[in-house]
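Taking it in order: structure first as structure tokens, then the write-up.
Every number for a ligand or one of its atoms is a count from 1 in the order of the listing.
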Amino acid sequence: MTHEAAILKAREIAEGVLAPAAAQNDAAGQFSSDAIRALGEAGLLGVMLPAEVGGMALGPRTFAAVTAALAEADASVAMVYTMHVMGTASIAAARAAATTQPILQDIAAGRHLSTLAFSEAGSRSHFWAPVSRAQRNGNGVKISAKKSWVTSAGHAQSYIVSALSPEGAGPTDLTLYLVTAETPGLSVAGPWNGMGLRANASAPVTLADCPVSTDLQLTDDSAGFAAMLNVVMPLFNLGSAAVALGLCRSAVNSTAAHLKTAKFEHLDQTLGEALPTLRAQLATMQIQTDSLAALIDDTIDHLETPRDTTMLRVLEVKAAAGETSISVTSTAMRVCGGAAFSKHLNIERLFRDAHAGAVMAPTADVMREFIGKSLLGIPLF
Ligand SMILES: Cc1cc2nc3c(=O)[nH]c(=O)nc-3n(C[C@H](O)[C@H](O)[C@H](O)COP(=O)(O)OP(=O)(O)OC[C@H]3O[C@@H](n4cnc5c(N)ncnc54)[C@H](O)[C@@H]3O)c2cc1C
């Protein structure tokens, strides 16, 4: 499938499967298995996997465009998709000793959803410093951990779990493991009742002496930190930014539609015709949205052709995206007045969903800290 065909397919699924169910799934906090099935059947779960395992062999440009298209209809599904692509990238980058071929084939065939289980109750948003430690268990390890939020909890077929290496000495001497959903000791530890992204099942997950065999150890001992930084973070920041872009585009569209249809009958004018201040605020939303799109494009360009400033762009794009989507959806709330506030429009959902981006780790504050340090030549960790 080409880049364009993948986006077309994503738009079809967004319009046909995601959009009609988004409001209801948000209200009920209901994970959309229909959406994952449709994405799987279209081959989009294997968007960046190589053709040898049945993947589409497309790059970050397609991943970002597909994610943004999904987020325009339902940001919960778009975040589930982003986390799946992160899990998949971790599996695809596994060390040679890991047995990953059958799982990658299942992902490409649409039969396997993955996700990341990095954040822990003990180290909170500092996911690079897990407090859990894997223990030697024959040839493999066993892991006990309290993972604080795991997108697609209870719905994914695999969880990419971080834990300190059995003999690791430092706080970031961690290893990545693949833990399958049926592993004894793995359980969803509570409900998910978020303010936003309510349909993405980001519940806590507990691992209690979960056995993991050597063939599912994805990185060498203590090499998980490098995989987090080099494999996961660039794509995760891009995916988060694409979710934010979809939210902004949806907010602009919904606001414009409201300004074109809601009327002051006593003036015989629509809101948009009557009030220049609303037109100006809509224009600001459009400028912010297009600025984010341009930054995302530039980040993709940096990922496709790496250079000295690539890591800086990767850090900037998530920080900017979280704040842009909060700003654009907040303006939409104001412009659309009581209609937005009273949930007559989808804008209130977009506003709630937009707030997740800035608190998902690495958080917007941590991004700023990293950007500042990197500009001053101070080591990030
Ligand atoms: C919808 C949703 C889905 C999620 N999905 C996943 C998932 O699939 N997998 C996963 O592993 N995790 C996931 N998470 C967890 C997420 O990545 C963060 O770990 C979590 O949101 C952090 O919340 P906290 O209360 O622990 O933050 P805290 O660590 O308590 O942070 C509190 C505040 O301090 C700020 N702060 C922290 N450190 C610094 C610093 N060094 N400098 C400046 N400010 C700082 C933060 O920005 C924040 O504002 C998800 C979270 C949400 C909300």
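Taking L267 as the reference, F264, Q269, A274 meet the side-chain contact (heavy atoms from CB on, under 4.5 Å) condition, with sequence neighbours excluded. For D26, the side chain to side chain donor-acceptor pair (under 3.5 Å) partners are R352, not counting sequence neighbours.
Less than 4.0 angstrom separates atom 32 (C) of ligand 1 from none of the non-hydrogen atoms of the protein. Protein non-hydrogen atoms do reach within 4.0 Å of atom 13 (C) of ligand 1. Contact annotation for atom 26 (O) of ligand 1: protein present (non-hydrogen atoms, distance under 4.0 Å).
With a 4.0 Å cut-off on non-hydrogen atoms, S119 touches ligand 1 through its backbone as well as its side chain. Of all the heavy atoms of M83, the ones lying under 4.0 Å from any atom of ligand 1 belong exclusively to the side chain. Here T151 has heavy atoms under 4.0 Å from ligand 1 in both its backbone and its side chain.
Residue W192 places a heavy atom less than 4.0 Å from ligand 1. Using a 4.0 Å cutoff on heavy atoms, H126 counts as a contact of ligand 1.
Donor-acceptor pairing under 3.5 Å is recorded for the side chains of H3 and T62. Using modelled atom types, one finds no donor on one side chain facing an acceptor on the other under 3.5 Å when comparing S32 with D34. In this model, a donor atom of one side chain and an acceptor atom of the other lie less than 3.5 Å apart for E120 and S132. Counting only N and O atoms by type, the side chains of S330 and S327 include no donor and acceptor under 3.5 Å apart. If you check the side chains of S222 and S165, you find a donor sitting under 3.5 Å from an acceptor. Between the side chains of H112 and S158, at least one donor N or O sits under 3.5 Å from an acceptor N or O.
Of the options F118, F236, W149, the smallest heavy-atom separation from atom 6 (C) of ligand 1 is shown by W149. Of the options E369, K147, H84, M360, the smallest heavy-atom separation from atom 52 (C) of ligand 1 is shown by M360. The closest non-hydrogen atom to atom 28 (P) of ligand 1, taken over A358, S125, G194, comes from S125.
Between the side chain of K9 and the main chain of E4, no donor-acceptor pair closer than 3.5 Å is present. Checked by atom type and distance alone, the side chain of R133 never pairs as donor or acceptor with a backbone atom of L164 at under 3.5 Å. For H155 (side chain) and A201 (main-chain N/O), no donor-acceptor pair under 3.5 Å exists by modelled atom type.
Which parts of ligand 1 touch V150 is read off a 4.0 Å heavy-atom cut-off, strictly below it: atoms 7 (C), 8 (O). Ligand-side atoms of ligand 1 in range of V359: 18 (C), 20 (C), 21 (O), 22 (C), range being under 4.0 angstrom from any heavy atom.
In the hydrophobic clustering of this structure, L312 groups with M228; members are Ile, Leu, Val, Met, Phe, Trp, Tyr whose side-chain heavy atoms approach within less than 4.5 Å, directly or through other members.
Protein heavy atom at the shortest distance from atom 17 (O) of ligand 1 is A361 N, 2.8 Å. Scanning all protein heavy atoms for the shortest distance to atom 9 (N) of ligand 1 gives L116 O, 2.9 Å. The single protein non-hydrogen atom nearest to atom 30 (O) of ligand 1 is R124 NE, 2.7 Å, given as residue, atom name and distance. The protein atom (non-hydrogen) at minimum distance from atom 39 (C) of ligand 1 is V366 CG2, 3.5 Å. What sits closest to atom 43 (C) of ligand 1 on the protein, heavy atoms only, is D365 CB, 3.7 Å. In terms of protein heavy atoms, atom 3 (C) of ligand 1 is closest to S202 OG, 3.1 Å.
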